[in-house]
Participant: 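This structure is in structure tokens; I'll ask about it shortly.
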There are 2 protein chains.
Amino acid sequence: MTTVNALSEVAALMGDPARAAMLSLLMDGRAHTASDLALAAGVTAQTASGHLGRMAEADLLAVRAQGRNRFYRLASPDVAHAIESLMALAGTRAQPASRTAAWRRDPDLRFCRTCYDHLAGQVGIAVTDSLTQHGHLEPKGARDWKLTPSGELFCARVGVDLPGARQASTRHFARQCLDWSERRPHISGALGSAIADTFFKKGWAEKLRRGRTVRLTDSGRRALSRDFGAAI
Amino acid sequence: MTTVNALSEVAALMGDPARAAMLSLLMDGRAHTASDLALAAGVTAQTASGHLGRMAEADLLAVRAQGRNRFYRLASPDVAHAIESLMALAGTRAQPASRTAAWRRDPDLRFCRTCYDHLAGQVGIAVTDSLTQHGHLEPKGARDWKLTPSGELFCARVGVDLPGARQASTRHFARQCLDWSERRPHISGALGSAIADTFFKKGWAEKLRRGRTVRLTDSGRRALSRDFGAAI
DNA sequence: TCAATGGTTCGGCAGATGCCGAAGTATCAT
DNA sequence: ATGATACTTCGGCATCTGCCGAACCATTGA
């Protein structure tokens, strides 16, 4: 009973078009102002405020007041994961081509994007596949990976901040996240986030100003080939 | 824009309390009848029918008509995954106690009964499992089996009237029939009927005067163990 | 053949909810 | 102070949609 209510309440929150539009925007992992989200959802500020308040109340969103702005972001990686898996479902559905979302066919977005705070798309999958194929990651349970000793060495060599990742003891360390465009799991969790940070810090990848699309730089391509043994 | 619609449409389907209750029940991975799901959701059959139709239309559920029942199940592991990740957001608790019809709990009926003209229940499943595990039956298409050469020999040895079964050219020969109580396919079609006939003719099983319940005799138990290698 | 059962469709009703205009609060700029 | 900006609360309206009664179809069992 309670579990059912919990399921329907959370799903119903995501099930409104305006709120879904806001959540989609927030999937870039950044914090956005209420105005921004109202614009994205195509509703007035009052309406957006109501939606945002409800989602924050339900712990789907976290709020931070800054001056006269209020910044909203996804409350946790779990929220992002749930949204991603719903999107994967939606992608499965056979739809008339004319109604298919333009951005779902966007090749850049399919190639590389942020999924909350880690990498997704072909690049995210390439990184994940490299780690598993070289024995750095091993399946653990139904939805996690385990970092092997060789994986620890690899992270140290490439410059992934493992100690920092381990500090976030509250979140999953090496979580599987279903990629909606590739339809296979990529690495998320603290380790996925640390890997993404490495990509951005070393200039291997850059977030575009708008949207979730990430551009892989030339040095990023070289790093993928040299360090990960991945051909992209 | 359509992407948002896709997300919100899927989420909205899961966001109704009645539909969420149905999905929760279906999370056991088994197929359930529309009546079962209506009961679980606490709504009437008409209302449930509407919900189930919508979820099937959206490819969240798969349907299989079986006699006058319609069995619904989750369309794919991805659906289960999405539901699970939504449940994770609000914390998981115990499942609601399912109220099932009295006859469904009748242990004798669950043990052995006729399903039209063939055997169902634990005995029907035991027979079917024996045939498949010994290589006598092989899957053929989505809803049929194929009798292998070793299966032909086995039938001859046990005394199943194969020529008679083959004469009924109008009906399926070795059909899969979803077992109501075991929720797994058992053998039906002309071959299933011929096998059941053998059970009754040899005194391995007896139909009770009323209802569909079938009693397995002592010699039937021995035959199951000796000829089928099944422990009941 | 006829009744019982499982399931669906249709139509109308009632409650839920999303929407915006108007008004109110807090912060910033001048 | 005064005005502008960002955001929220309130109230009423329109729509949506879930619900059930009634009727209908298909299969089954006798």
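By convention in this document, chain letters (A, B, ...) are assigned in the order of the sequence lines, proteins followed by strands, and residues within each chain are numbered from 1. In this text the structure is predicted, and so the values were computed from the model without any measurement.
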Participant: Would you kindly give the CZ-to-P distance between Arg64(A) and dT27(C), to the nearest whole Å?
Facilitator: 16 Å

Participant: Measure the acute angle between the ring planes of Phe228(B) and Phe199(B), then classify it against the limits of 30° and 60° as parallel, tilted or perpendicular.
Facilitator: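 Judged by the thresholds at 30° and 60°, the geometry between Phe228(B) and Phe199(B) is tilted.
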
Participant: Can you work out whether Val43(A) or Gln46(B) has the more 5'-proximal nearest nucleotide on DNA chain C?
Facilitator: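 Its nearest nucleotide lies further toward 5', so the answer is Gln46(B).
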
Participant: Does a side-chain N or O from Arg54(B) land closer than 4.0 Å to OP1 or OP2 of dG18(D), or not?
Facilitator: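 Checking dG18(D) against Arg54(B), a side-chain N or O does come within under 4.0 Å of OP1 or OP2.
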
Participant: Would you say dC19(D) has OP1 or OP2 under 4.0 Å from some side-chain N or O of His51(B)?
Facilitator: yes

Participant: For Lys207(B) and dA30(D), give me the distance from atom NZ to atom C1', rounded to whole Å.
Facilitator: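 It works out to 12 Å between those atoms.
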
Participant: Mind checking Ala45(B) for me? I need base, sugar-phosphate or nothing, with any heavy atom below 4.0 Å counting as a touch.
Facilitator: base

Participant: Does Ser49(B) have a side-chain nitrogen or oxygen under 4.0 Å from the phosphate oxygens OP1 or OP2 of dT8(C)?
Facilitator: yes

Participant: If I take atom CG in residue Leu39(A) and atom P in nucleotide dA6(D), what distance separates them, rounded to the nearest angstrom?
Facilitator: 12 Å

Participant: In whole Å, what is the span from the CZ atom of Arg70(A) to the P atom of dC28(C)?
Facilitator: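 Taking atom P of dC28(C) as the reference, CZ of Arg70(A) is at 14 Å.
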
Participant: Taking for each residue the nucleotide of DNA chain C bearing the nearest heavy atom, is the 5' side occupied by Ala18(A) or by Val63(B)?
Facilitator: Val63(B)

Participant: Is there a side-chain contact between Thr44(B) and the phosphate of dC20(D), meaning an N or O under 4.0 Å from OP1 or OP2?
Facilitator: yes

Participant: Looking at Thr47(B), I'd like to know whether one of its side-chain N or O atoms comes within less than 4.0 Å of OP1 or OP2 on dG18(D).
Facilitator: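 No, Thr47(B) has no side-chain N/O under 4.0 Å of OP1/OP2 on dG18(D).
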
Participant: Can a donor-acceptor pair be found, under 3.5 Å and without considering hydrogens, that links the side chain of Ser130(B) to the backbone of Ala230(B)?
Facilitator: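 Side chain of Ser130(B) to backbone of Ala230(B), a donor-acceptor pair under 3.5 Å: no, none is there.
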
Participant: With the side chain of Arg68(A) defined as its heavy atoms from C-beta on, choose the nearest nucleotide among dA6(D), dT8(D), dT9(C).
Facilitator: dA6(D)

Participant: Calculate the interatomic distance between His118(B) atom NE2 and dT28(D) atom P; express it in whole Å.
Facilitator: 10 Å

Participant: Rounded to the nearest 0.5 Å, how far apart are NE2 of His51(B) and CZ of Arg19(B)?
Facilitator: 5.5 Å

Participant: Nearest whole angstrom, please: distance from the C1' of dT8(C) to the CD of Glu57(B).
Facilitator: 15 Å

Participant: What about the rings of His81(A) and His81(B), do their centers lie closer together than 6.0 Å?
Facilitator: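 Between His81(B) and His81(A), which both carry aromatic rings, the centre distance is below 6.0 Å.
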
Participant: Distance check needed: dC19(C) C1' versus Met22(A) CE, whole Å only.
Facilitator: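 After rounding, the gap between these two atoms is 12 Å.
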
Participant: Please report the shortest heavy-atom distance between Ala205(B) and Phe200(B), naming the atom on each side.
Facilitator: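 Taking Ala205(B) first and Phe200(B) second, the nearest heavy atoms are O-CD2, 3.3 Å.
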
Participant: Contact class for Tyr72(B) (heavy atom, under 4.0 Å): base, sugar-phosphate, or nothing?
Facilitator: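 The residue Tyr72(B) makes sugar-phosphate contact but no base contact.
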
Participant: Within this structure, what is the CG-to-P distance between Leu52(A) and dC19(C), rounded to whole angstrom?
Facilitator: 12 Å

Participant: Which nucleotide, dT9(D), dG6(C), dC20(D), lies nearest any side-chain atom of Asn69(B)?
Facilitator: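 The answer is dG6(C), which lies nearest to the side chain.
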
